[in-house]
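First comes the structure, then the notes that go with it.
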Amino acid sequence: MNTEVITISSEDYKETITNIKKDGFQMMVDLTAVDWFRKREPRFELVVQFLSVSKNLRKTVKVIINDENLSIPTITDLYPGANFYEREVFDMFGIEFENHPDMTRILMPDDWIGHPLRKNYGSGRIPVQFKNAPKVD
Amino acid sequence: MFTPDNILTTTIDKAVRWSRTQSMWPVTFGLACCAIEMMAAGSAKYDLARYGMEVFRASPRQADLMIVAGRVSQKMAPVLRQVYDQMADPKWVIAMGACSSTGGMFNNYALVQGVDHIVPVDIYVPGCPPGPQSLMHGILTLHQKIMDGEINR
Amino acid sequence: MKSKKINRYNLKALKKKFEFWATNSEEGGWSISSTDEGSQKMLEVEDEKKVKIQTGTEIIDDFVVDEDSSDDERMIINMGPQHPSTHGVLRLQAELEGEIVRRVKPVIGYLHTGMEKTGEELNYFQGPTNTTRMDYLSPLFNELVFSLTTEKLIGIEVPDRAKAIRILMTELNRISSHLVALATGGMDIGALSMMIFGFREREHILNFFEKTTGLRMNHNYIRPGGVAADLPDGWQKDIEDIIQLIPEKLKDYDDMLLDNPIWKGRLQNVGILTTEECFAYGITGPSLRASGFDWDLRKSQPYSGIEKFNFDVPVLSEGDVFARWRIKVLEIFESLKIVEQVMYQMPKGPYKIQDKKITPPPRKRLDESMEALIHHFKIYTEGFKVPEGDAYVAIESPRGELGCYIVSDGTAKPYRMHVRGPSFCNLQGLPIIMTDSPIADAVAAIASLDPVIGDVDR
């Protein structure tokens, strides 16, 4: 099954999604982000998957997000199902969605500091203590 | 029923410890995969009712035992502690599964690395997830521990 | 968006009913001033409103839908995270007005395990160990979608026998997952025997899983490049037993519940979800099919050779909780059909891809061949490298579209691993189906969506 992939900049984002909705892609099935820390400039990329159940097609939209303000318009007005996904991306990557109805953390506690899925955020590993191993504070 | 011919002598210690083991009501604290195995242990084939334990209480006030079944996240940790504090004394805790015992394979930012950071644990049941038999073994070990232990807790 | 909400508290209809009771006939009936128990005269001057209330012609109802009420009649109730019937650690903040739920906000994240971060630290060979623990009721589907995505990135096809084994195991897993959904759904509504029944039948399937994979849950059986082990000796006998046993037991469920007036009264016309709402919120799986839209990825975008087998996709049109319960029973029958066909058409051959770079050599070859030892060591320490690129693959899990998105940077570990859990998306339908319905229906609504919190929070 071939998926059409298009890459756009964040300025064209809203317009492209409006056109995709008009083209008959009824469902937004997935929205996530990729952090290209020290690999690409600009750093964040948003990946959105669309599904047309009438035409049996899939479409992937990749959006390159500006590094300066890290914000992008929301698509919850077009696809209400994007609500949880956008909150998850905000929680995990710190990308803000403008005009989102409830832009709060969804998975981590509200007072958590940092965005865990960024590449410069450590995994928080606690070293396993073996017998006679030097103590780690 | 009560005839003067039959006399049963025991110590109060033993009687109290025995009665504690025989109807130990767990609080429902199903978190993840292990909760499904805990439910399986409670239903037809394994039947926890044999130990007087089939009544999973929704209210911690009526429970004696907390089976922490599954991984405990940083967000869940305060909830878990509050449920434990609401339980009436004497109370026991079983950490069911690798995740609640040590953090398991998820050694990362999101999980509490072992529920013993938050509440005192009596029995650790290994496995990912432990089968109903393992859970029962853990429960019976806890019974043994209560029978051998002190009455004051 | 169309709204098919049924106004269960229709004041006008109720008034009409009570007027009929009070007057007892169309032509006036008895007079209010006297009763038929002798000469008991009522007071001359009586407050008209009071009389109406006493005789039932006027009803004082706190839960009138079409009247506005002040804010101080509303209260916020917190359900969960530790609640016996929220299917895990789901927390709901419900704003109630009397007994009617006005607004609901699901609060999730109480089981957030950081699996996507852990997935970036494990190589592709270890990946299924991680993903299998996401949706713990259908672990094999999680492994399958991860393996399919990895195979798509490398560009390999697994042997026919591996494909058939994957279909066999996943369809059995669909049955066991639906059985738990039926069991816990029944328990939530009060049909406790359903809970005992569902788990009893599930044990038969889990026994087969334990025999094949070594574990009852979280198998790590389907791996990139095939499956971990071949089916055990005498597996046909076990499958035959399952195929024979499950339909008999499902008939028991139908006898108990299908024509049960309490069950129907609790479930019918409750929590209606229309097709348009499903599209808008991205809800897939049995919930979409119960709303009358025929969409199954097994038919439309087949994976792992499932297009070779004959089966139907059950579709119901009501879209209520009863339809969502019924469709799970019907899907079990269809899955049994697939399992039976796979059993008779199981191809012979290897169950792993014959590629030294991806498949570790069999254990006994290590004693004979130096090369095999090197491959074994390389695969288990470094893993295999996957070419640069990204892929999204979706399959039909018991709860809907389960997708996996992997970005590879050419090393042995995924650069980014994201799983699109169906429960995460389906949970957004909860506010739609719970608003403006009584709090008693809330639990039925949650149970019908069948969310698995491990899949929601990951």
Side-chain angles (χ1 to χ4, degrees), chain B residues 27-47 49 54-60 63 66 68-84 86 97-99 103-112 127-134, chain C residues 80-89 91 107-122 126 129-130 132-137 139 176-177 180 183-184 187 192-204 206-207 210 215-218 220 452-455 457-458:
Chain B
V27 59
T28 27
F29 209 82
L31 294 168
C33 332
C34 298
I36 305 294
E37 291 296 65
M38 190 170 73
M39 280 152 84
S43 37
K45 192 175 173 188
Y46 297 100
D47 198 11
E54 81 283 13
V55 222
F56 280 91
R57 300 316 298 183
S59 162
M66 184 154 88
V68 185
R71 42 201 189 236
V72 182
S73 68
Q74 307 278 4
K75 200 171 177 178
M76 195 67 193
V79 184
L80 183 123
R81 180 70 212 192
Q82 190 172 1
V83 171
Y84 178 78
Q86 283 172 350
C99 298
M105 61 174 286
F106 302 109
N107 193 351
N108 61 21
Y109 65 94
L111 282 200
V112 176
C128 189
Q133 302 97 327
S134 310
Chain C
Q82 188 253 344
H83 185 269
S85 66
T86 47
H87 287 240
V89 284
R91 176 177 163 207
V107 183
I108 59 174
Y110 288 96
L111 198 58
H112 179 57
T113 318
M115 286 189 187
E116 291 182 4
K117 191 85 177 175
T118 305
E120 289 168 9
E121 290 171 356
L122 302 176
Q126 298 164 326
T129 329
N130 183 30
T132 188
R133 282 162 176 79
M134 286 180 178
D135 184 348
Y136 40 79
L137 286 183
S176 74
S177 169
V180 174
T184 51
M187 182 181 69
L192 258 176
S193 342
M194 196 56 232
M195 155 98 182
I196 307 282
F197 281 8
F199 272 94
R200 186 186 62 192
E201 270 72 88
R202 182 171 174 264
E203 285 296 325
H204 291 277
L206 288 201
N207 281 350
E210 192 169 12
L215 273 170
R216 288 159 54 89
M217 297 161 72
N218 303 348
N220 191 19
V452 174
I453 302 299
D455 199 20
D457 295 343
R458 297 184 300 283

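Chain A is the first sequence line, chain B the second, and so forth, proteins listed ahead of strands; every chain is numbered from 1. For clarity, every value in this text was computed on a predicted model and none was experimentally measured.
- Of the residues considered (C:M195, C:E203, C:R200, C:R202), C:E203 shows the highest number of contacts with chain B, using heavy-atom pairs under 4.5 Å.
- Shown here for C:V89 and B:G30, the closest heavy-atom pair between the two residues is CG1-O, 4.1 Å.
- Your options are C:I196, C:L206, C:D457, C:L215, and the one with the most heavy-atom pairs under 4.5 Å with chain B is C:I196.
- In this structure, chain B has no heavy atom under 4.5 Å from any part of C:D135.
- With a 4.5 angstrom heavy-atom cutoff, C:R133 touches chain B via backbone and side-chain atoms both.
- Judged as a salt bridge (Lys or Arg N to Asp or Glu O under 4.0 Å), and not counting sequence neighbours, C:D455 has no contacts.
- Using a 4.5 Å cut-off between heavy atoms, B:Y46 touches chain C through its side chain atoms alone.
- Using a 3.5 Å distance cut-off with no hydrogens or angles, the side chains of C:T132 and C:N220 do not pair a donor with an acceptor.
- Most heavy-atom pairs under 4.5 Å with chain B: of the set C:L137, C:L111, C:T118, C:V180, this distinction falls to C:L111.
- Distance alone, capped at 3.5 Å, is enough to place a donor-acceptor pair between the B:N108 side chain and the C:T113 backbone.
- Atom CD of B:Q82 is surrounded by 12 or fewer heavy atoms from other residues, nucleotides or ligands within 6.0 Å.
- Neither the backbone nor the side chain of B:V72 comes within contact range of chain C, judged by heavy atoms closer than 4.5 Å.
- Both tests do not hold together for B:R81 against B:Y84: distance to the six-membered ring centre under 6.0 Å, angle to the ring axis within 45°.
- For C:L192, no part sits under 4.5 Å from any heavy atom of chain B, backbone or side chain.
- In this structure, the portions of B:A32 lying under 4.5 Å from any heavy atom of chain C include both its backbone and its side chain.
- Under the 6.0 Å cut-off for aromatic ring centres, B:F106 and C:H112 do not qualify, their centroids lying 6.0 Å or more apart.
- Here B:I36 is the residue among B:L111, B:V79, B:I36 with the most heavy-atom pairs under 4.5 Å with chain C.
- The closest donor-acceptor contact from the side chain of C:N130 to the backbone of C:M115 lies under 3.5 Å.
- Interface remark: B:C99 contributes no atoms to any contact with chain C (heavy atom separation under 4.5 Å).
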